[in-house]
Amino acid sequence: VTEQALLIETSAGTIAAVVTHPNETPRAGVVILEGSKGTRSGANQLWVRLARSLREDGIATLRADYAGIAESWDGDVRDIVGGARDLALWFAERVGDIVIVAECYGLTPARSLCREDLDILGVALIAPPLYPDRALPARPRSWRHRARLALLRLRSWRLARRARKAQDLAPGPSIRGVVERAPTRIFAGDRDACFRPLEALLPELQQIGSVDLEISADLRLHRARTPEAQAAILEGVASWVRQRVRSVQETV
Amino acid sequence: LTDGARNSVVHAADVRHESLFFTSGSDQLYATLYSPAKARVRLGVVLCQAWGAHGMTMYGWCQRTGRDLAAAGIATIIPHWPGTFDSEGDPQLLTFDRITEAGADTVAAAEQRVDIPAWGVVGVGIGAAAAALLTTTLPASRCVLAQPALDPVAYFAETERRSRRASLGAPPNAGWAFGYPIPPGLRAADTAGRVDAALGSFAGQGAVVRYRKPTTAPSPAGFDTVTIRGHWGRPSRDDRQQLRRRATRWLVRSLGQAA
């Protein structure tokens, strides 16, 4: 048996997880942080297939539902990040070196993990939550942005909350925090909303850490809604993770 | 690697929650088992999930339904069908025959862990068609169909059409909908007839729990109909709590009547 179903206690409550592991001692571990609307198996078992593919290379994988969602319904949905962090710490204690694979919203818990004292070999970000300025204003950079945000706050509590959420999702701090901490590969399709903002942000990110961008032509990787997008994520992420684990361990 | 970790916990309301892998054919299938931790089990049910994107959106609903039923003394096992979610198998090769085989193995896996005096089935969406077919192989005394889609051919054709519209001009992938393959074996022309025949020959107590809108075909003969205010097609803010509660209530009442 190389897959085990687990129910793990965290600060956010009980979290349902599946660990896929090789028969021998794992060379490294991968923590998968899915998007906010997903489950731990991914669209059409995308994360299951990734975990089983990495198992062949001696790499263990942890997949879990976020607290309060799907099978982790007993967890506190307000503390998704804390639950994911505790779970990843539990896993890292057992496997040592880890690689983080974060899709879309997964960037938020990934950033939180990057603050911990962990041996992180790399971070793969898939279609991170970046939006063109017009769709979702990031940080209030000019007086116009500030005025708009102030207006939103005046309108209603709900709109104000949404605006604050938009600020929390602001790409700058999250991605910078990840890139500063570990080598990062960003996967995106040229049909993703994050594609243009990523292109604009890349030179700045490359000054603060090791980061590169892998673009899939004519595809939208967000939520992996097509077989082509699923194949691009699976092949791209699996080969990058293998390469990272191999290169770091050969150096050591 | 996973020493010291558990696969079973007891939640509030004395509901035991167990995650497990079991063997079915050549595959390892995943299932979640909810059972009363202290009280006697009055009934066991197999909760049949839907497939594809719909299965994904109703996944949390199924888990909460399992919890509610277990709190009422009804042990509930929720299998992941071959090739879906955490189970092994090829999703393209899935057929209703394979599902009924997996259903029987699911029952065996539950009986190894909990004493279950009688069985029933619950199905949601297209999972209701699987639940209906399971009644032919399981000694099921109860059958609850939540917002059922009992004609797989029509259901998958509609899902494919909606996916095409949602892709907004992207090249369509035949046989796929919302990023999930539609198993050709589930679209066989005779499936609706098999489902009708299974429901026609079902001798136990049954109910259809559904939203008032959109209007659908009448319930199978001999089945109670429980109607909920609202529209199935509209997004729900409370994870379709009413659908869950009414299905649970009907099952509990049916047990009370039998007693």
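Reminder, nothing fancy here: chain letters follow the sequence lines and each chain counts from 1. As a basis for the values below, the full set of heavy atoms in this structure was taken, side chains included, without hydrogen atoms, waters or symmetry mates.
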Novice: Do A/H222 and A/R191 come close enough that some side-chain heavy atom pair is under 4.5 Å?
Specialist: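 No. Closest side-chain heavy atoms not under 4.5 Å.
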
Novice: Would a distance-only check, ignoring hydrogens and angles, find a side-chain to backbone donor-acceptor pair under 3.5 Å from B/Q147 to B/V124?
Specialist: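 No: the side chain of B/Q147 does not pair with the backbone of B/V124.
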
Novice: Is chain B contacted by the side chain of A/A60, its backbone, both, or neither, given a heavy-atom distance below 4.5 Å?
Specialist: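 Contact with chain B is through the side chain of A/A60 alone.
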
Novice: Would you name the heavy atoms of B/W232 and B/R240 that are closest together and state the gap between them?
Specialist: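 Looks like O-NH2, 3.0 Å.
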
Novice: Does A/D117, at its CG atom, have more than 12 non-hydrogen atoms belonging to other residues, nucleotides or ligands within less than 6.0 Å?
Specialist: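 Open: at most 12 neighbouring heavy atoms sit under 6.0 Å from CG of A/D117.
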
Novice: Among residues 85-106 of chain B, which residues come closer than 4.5 Å to chain A, judged by heavy atom distances?
Specialist: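 Checking residues 85-106 of chain B against chain A gives B/F85, B/D86, B/S87, B/E88, B/G89, B/P91.
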
Novice: How long is the straight-line distance from SG of B/C48 back to CG of B/L134, given to the nearest 0.5 Å?
Specialist: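 Rounded to the nearest 0.5 Å, the CG-SG separation comes to 4.5 Å.
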
Novice: So for A/T14, is it side chain, backbone, both, or neither that comes closer than 4.5 Å to the heavy atoms of chain B?
Specialist: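 The side chain, not the backbone.
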
Novice: With a 4.5 Å limit on heavy-atom distance, are the side chains of A/T2 and A/P22 in contact?
Specialist: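 Side chain of A/T2 against side chain of A/P22, heavy atoms only: no contact under 4.5 Å found.
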
Novice: Side chain, backbone, both or neither: which part of B/S8 has an atom under 4.5 Å from a heavy atom of chain A?
Specialist: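 Contact with chain A is through the backbone of B/S8 alone.
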
Novice: Non-hydrogen atoms of chain B under 4.5 Å away: do they reach the side chain of A/E9, the backbone, both or neither?
Specialist: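 Looking at A/E9, just its side chain touches chain B.
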
Novice: Please examine the side chains of B/W176 and B/P181, heavy atoms only from C-beta on, and report whether any two atoms are closer than 4.5 Å.
Specialist: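 Side-chain contact under 4.5 Å: yes.
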
Novice: Non-hydrogen atoms of chain B under 4.5 Å away: do they reach the side chain of A/R220, the backbone, both or neither?
Specialist: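 Neither; nothing under 4.5 Å.
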
Novice: Regarding B/Q63 and B/Y34, do their side chains bring together a donor and an acceptor under 3.5 Å, going by distance alone?
Specialist: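 Judged by distance alone, the side chains do pair up.
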
Novice: Quick check on the interface: out of A/D74, A/T226, A/D65, A/T20, who has the most heavy-atom pairs with chain B under 4.5 Å?
Specialist: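 When all of A/D74, A/T226, A/D65, A/T20 are compared, A/D74 has the most.
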
Novice: What closest approach, in Å, do B/A53 and B/Y180 show between heavy atoms, and which atom pair accounts for it?
Specialist: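 What the structure gives for the nearest pair is N-CD1, 3.4 Å.
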
Novice: For A/W90, is it the side chain, the backbone, both or neither that has a heavy atom under 4.5 Å from a heavy atom of chain B?
Specialist: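 Only the side chain of A/W90 comes within 4.5 Å of chain B.
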
Novice: Quick one: what part of A/A224 sits under 4.5 Å from any heavy atom of chain B, side chain, backbone, both or neither?
Specialist: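 Just the backbone, heavy atoms under 4.5 Å.
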
Novice: Below 4.5 Å from any heavy atom of chain B, which atoms of A/R63 appear? Answer side chain, backbone, both or neither.
Specialist: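 A/R63 touches chain B through side-chain heavy atoms alone.
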
Novice: As an exercise: rank A/R223, A/R52, A/K37 by heavy-atom pairs under 4.5 Å with chain B and give me the winner.
Specialist: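 Heavy-atom pair counts peak at A/R52.
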
Novice: Between B/S163 and B/T159 (side chain of the first, backbone of the second, donor and acceptor by atom type, cut-off under 3.5 Å), is there such a pair?
Specialist: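 Flag not set: sc B/S163 to bb B/T159 has no pair under 3.5 Å.
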
Novice: Cut-off 3.5 Å, side chains only: do B/Y30 and B/S19 have a donor facing an acceptor?
Specialist: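 Distance-only check passes for B/Y30 and B/S19.
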
Novice: For chain A, which of B/R64, B/H80, B/H11, B/E18 has the most heavy-atom pairs under 4.5 Å?
Specialist: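 The residue among B/R64, B/H80, B/H11, B/E18 with the greatest pair count is B/H11.
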
Novice: So which part of A/Q230 gets closer than 4.5 Å to some heavy atom of chain B, the side chain, the backbone, both or neither?
Specialist: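 For A/Q230, the side chain is the part near chain B, not the backbone.
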
Novice: Does any heavy atom of chain B fall under 4.5 Å from the side chain of A/L6, the backbone, both, or neither of them?
Specialist: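 Both backbone and side chain.
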
Novice: Report yes if the side chains of B/R244 and B/R67 come closer than 4.5 Å at any heavy-atom pair, otherwise no.
Specialist: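 In short, these two side chains touch, coming nearer than 4.5 Å.
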
